[in-house]
There are 2 protein chains.
Amino acid sequence: MSRAQPRGSRQGRAGIRDVAAAAGVSITTVSDALNGKGRLPDATRRHVREVADRLGYRPSAAARTLRTGKSGLIGLTVTTYGDEPFTFTEFAYFAEMARAATSAALARGYALVILPATSRHDVWSNVALDGTVVIDPSDHDPVVTELARQGLPIVSDGRPTGAVPVTAWVDNDHEAAVLNLLDHLAAAGARRIGLLTGTSTDTYTRLSTSAYLDWCERVGQEPVYEAYPAHDPCAGAVAADRLLARPDRPDAVYGLFDPNGTDLLAAARRYGLRVPDDLLLVCCSESTVYAATEPPVTTLSLKPRRIGTAVVQLLIDAIEGIASDRPVEQVIPTELIVRASSQRRSPRTTISPPRSPSGQ
Amino acid sequence: MSRAQPRGSRQGRAGIRDVAAAAGVSITTVSDALNGKGRLPDATRRHVREVADRLGYRPSAAARTLRTGKSGLIGLTVTTYGDEPFTFTEFAYFAEMARAATSAALARGYALVILPATSRHDVWSNVALDGTVVIDPSDHDPVVTELARQGLPIVSDGRPTGAVPVTAWVDNDHEAAVLNLLDHLAAAGARRIGLLTGTSTDTYTRLSTSAYLDWCERVGQEPVYEAYPAHDPCAGAVAADRLLARPDRPDAVYGLFDPNGTDLLAAARRYGLRVPDDLLLVCCSESTVYAATEPPVTTLSLKPRRIGTAVVQLLIDAIEGIASDRPVEQVIPTELIVRASSQRRSPRTTISPPRSPSGQ
DNA sequence: CGATCTTGCAGAAACGTAACTGTCAACGCG
DNA sequence: CGCGTTGACAGTTACGTTTCTGCAAGATCG
């Protein structure tokens, strides 16, 4: 008894052995009582729990992680375009997605760590992760490669290209979404549909653009598009202007990125084009501002909340070794929220009461 | 796939003792060589480093955290309104702030963990934090109290009210910002300024509203305001409509929340009010869409990037015990971005009678 | 030339927890 | 009455680091 004396470390927080001493039991009993593990009478369990509460005992997360090999942390990696750690343009999408992902992780007892793909390696290796969500991984992302080499589960938002070794992925059917959207515009009377796209090579931009080109070829329309670096908001306004200034000006435009809607509206005003009478408009956005613009703009929603939730569920299933019935390759349907900007005959009166945005 | 098993005969990844064995040195030497700690000749350092690389050795973050007591993780706590883990309305602000915070943390070797204030306690105690950023802590936030009891540094975005024990805080001078903004509107010709505010009791809403009331009393104007639950985007549109439907309709409005600008623009159109001729408009927003609306809307920016950076710098200073010269209570200036919506002389209007009270 | 100092490294003690392996009494059973 | 069984714990080891202490061998010095 005198041998196992609690050292003079009264300074720090109460440890498990302080609780054991105060409760008059062994460390094992405390651990079992608090974790509901061993076979103990309820009286002992209650007693230990009460003493632990009284001492304000909190188990050390580091020690638990070291012992069990599970940290309860999952990484959220964001691809980067500029020198900033996050994507700027897709941020409404990312924000919603991250929000849903955090929510879903939390519900299962995990926390999310934000880790830009370009971050220094020492930061990555300094945090114990149980797995990672990767948003739109590039072809030979060194971070993903390294994580896979460590044997960590990886789930990506966006289907992986090339040899990216992911455990599972979730994505929209971008091609189908674009084709459907272009058909919608054509049905509304568009004769020549233009595209506002990006110069980067991420999957979303690439698939959407090639779907547009395919569609053009199918219906025999000459492609009319402008590409700009999507991370630069000013470049988007300039590109919108350029698109409407072309001699072969389109009578309908689809913008791939969130701010394209307002930029195109502004450009249309500058050229005296009425929307939707002279120009039909659709853009991909998760923002609710397009419900209240003049006119309201039809948007394509990628359902980031569903994606964020699905990605996290798949990842945690993989971490916990659960043989879930969820498919490891999930395609989330998109939603076209049709508003006045893509309908030739607008039924809206100017005095209609505000409507709640559909979706969700 | 990659089953390059070093001769350590250990099942998992290579540990420090595998490196030591492979390099023919002791564990101490490996640790010192990799961390640049002890006194070793460069030859040994290089050799150890090379062997570690060859084995793909990554030190265990959990073990390091357990030993050193530092995890390199800082929490980012977000107050919650609804059942979702994040604030919805202030999300543009939050997104920018979180982005800057992540960036700043990363630059100093730390990573950010997103932890909603309402999360279950076991998640909080399951992650080893070195400190926490708290956004707009409420009066007796149990999470903050618990973290403070553990002796963790806490820095808040928004000055703490009551007895919230924070190490430091960063905030805007909301009162000054609102007063300045109202003066700006009055100088532009506003006779009766309305306010679109929230029903929640967070510091931002409270301070801004009381500043508005103070200003009204000072200049002798009857307050004209509508309050709505800020987390509900639909309620915002309704409240904007109500505000302009009042018999004592204001000729200028300040909206406290991000979507108020587009909602007010839409409401003004419904009532046939021209902006800025019949109605001056300002809203608090970090969004760039207001540069491209019709007309462009004057916005108040709270400078979330500066706040996020400042908060993280203060927190890491406190964690590392650096006696920095930074003040522990920082006030970040706001910026009023003046656009057409708050200026009476508009180049586009040709024959507008000044202030015709009712539209149509 | 012995005493002291430096250099270069090895041994071992923590860090706080979870889990495996005893131990000891009470108990049922043939 | 002997014997396996079970309940209720205690002892101890291992997780993978960092770091404090120790200890030879060579360098320096009075």
Side-chain angles (χ1 to χ4, degrees), chain A residues 1 3-21 23-48 51-52 55-72 122 125-128 130 150, chain B residues 6 8 10-21 23-48 51-52 55-72 122 125-128 130 150:
Chain A
M1 180 173 287
R3 186 172 68 88
Q5 196 159 15
R7 307 159 324 285
S9 63
R10 184 55 70 187
Q11 54 192 21
R13 301 165 21 202
I16 194 175
R17 87 182 115 243
D18 297 321
V19 177
V25 296
S26 76
I27 293 180
T28 306
T29 305
V30 174
S31 178
D32 284 349
L34 295 182
N35 297 339
K37 276 294 175 67
R39 34 183 197 191
L40 302 176
D42 280 351
T44 308
R45 244 178 248 281
R46 240 183 332 227
H47 177 227
V48 168
V51 170
L55 296 187
Y57 166 70
R58 301 275 168 252
S60 151
R64 172 174 302 188
T65 300
L66 177 60
R67 187 66 240 257
T68 63
K70 259 79 185 79
S71 67
D122 56 330
S125 61
N126 233 346
V127 38
D130 290 345
Q150 288 180 26
Chain B
R10 274 269 176 252
Q11 53 184 13
R13 349 248 141 278
I16 195 174
R17 88 183 112 242
D18 298 320
V19 178
V25 295
S26 77
I27 293 181
T28 307
T29 305
V30 175
S31 179
D32 284 350
L34 295 182
N35 296 339
K37 275 295 177 64
R39 29 181 205 199
L40 302 175
D42 280 352
T44 308
R45 276 216 155 81
R46 246 184 328 234
H47 177 229
V48 168
V51 170
L55 296 186
Y57 166 70
R58 301 275 169 248
S60 151
R64 173 176 304 196
T65 299
L66 178 59
R67 185 63 238 249
T68 62
K70 258 80 186 79
S71 66
D122 57 331
S125 61
N126 234 346
V127 39
D130 290 345
Q150 287 181 26

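Each chain gets a letter, A, B and so on, in the order the sequences are listed, and its residues count up from 1. Both backbone and side-chain heavy atoms feed into the values below; hydrogens, waters and symmetry mates do not.
Straight-line distance from the CG atom of A:Asp42 to the C1' atom of D:dA8: 13 Å, rounded to whole Å. The CG atom of B:Asn126 sits 17 Å away from the P atom of C:dG16 (whole-angstrom rounding). The distance from atom OH of B:Tyr57 to atom C1' of D:dG16 is 7 Å, rounded to the nearest whole Å. Spacing between atom CZ of A:Arg64 and atom P of D:dT17 amounts to 21 Å, rounded to whole angstrom units. Rounded to an integer number of Å, the gap from CZ of A:Arg67 to C1' of D:dT17 is 15 Å. The interatomic distance linking A:Lys37 (NZ) with C:dT17 (C1') rounds to 12 Å, in whole Å. B:Leu34 has its CG atom 13 Å from the C1' atom of D:dG16, to the nearest Å. The CG-C1' distance, from B:Asp32 to C:dA10, rounds to 11 Å in whole Å.
Side-chain N/O atoms of B:Thr44 include one lying less than 4.0 angstrom from OP1 or OP2 on C:dC9. Applying the 4.0 Å criterion to OP1 and OP2 of D:dG7, one finds that A:Arg39 has a side-chain N or O inside that range.
When each of B:Ala63 and A:Asn35 is assigned the nucleotide of DNA chain C bearing its nearest heavy atom, the one mapping closer to the 5' terminus is B:Ala63.
Across all strands, B:Thr65 comes closer than 4.0 Å to no nucleic acid atom at all (heavy-atom distances). Within the nucleic acid shown, A:Arg45 has no heavy atom closer than 4.0 Å to any nucleic acid atom.
With D:dC15, D:dC9, C:dC15 as the choices, the nucleotide that has an atom nearest any side-chain atom of A:Arg17 turns out to be C:dC15. Closest to the B:Leu66 side chain, of the nucleotides C:dC15, C:dT17, D:dA8, is C:dC15. Between C:dC9, C:dA19, D:dC15, one nucleotide has an atom nearer to the side chain of B:Leu40 than all others, and that is C:dC9.
Residues satisfying the side chain to side chain contact (heavy atoms under 4.5 Å, CB included) criterion with B:Ile27, sequence neighbours excluded, are B:Ile16, B:Arg17, B:Ala20.
B:Asp130 places no side-chain N or O within donor-acceptor distance of the main-chain N or O of B:Lys70, the cut-off being under 3.5 Å. Under the 3.5 Å distance criterion, the side-chain polar atoms of B:Ser71 are matched with a main-chain donor or acceptor of B:Ala128.
Scanning all heavy atoms of the two residues, the minimum distance from A:Asn126 to B:Ala61 falls at O-CB, 3.2 Å. B:Val25 approaches B:Val30 most closely through the heavy-atom pair CG2-CG2, 3.8 Å.
Looking at B:Arg13 and B:Arg58, their side chains never come closer than 4.5 Å, going by heavy atoms from C-beta outward.
DNA chain D lies under 4.0 Å from at least one heavy atom of each of the following residues of residues 23-31 of chain B: B:Ile27, B:Thr28, B:Ser31.
Residue pairs that meet the side chain to side chain donor-acceptor pair (under 3.5 Å) test with at least one member in residues 27-44 of chain A, sequence neighbours left out, are A:Ser26-A:Thr29.
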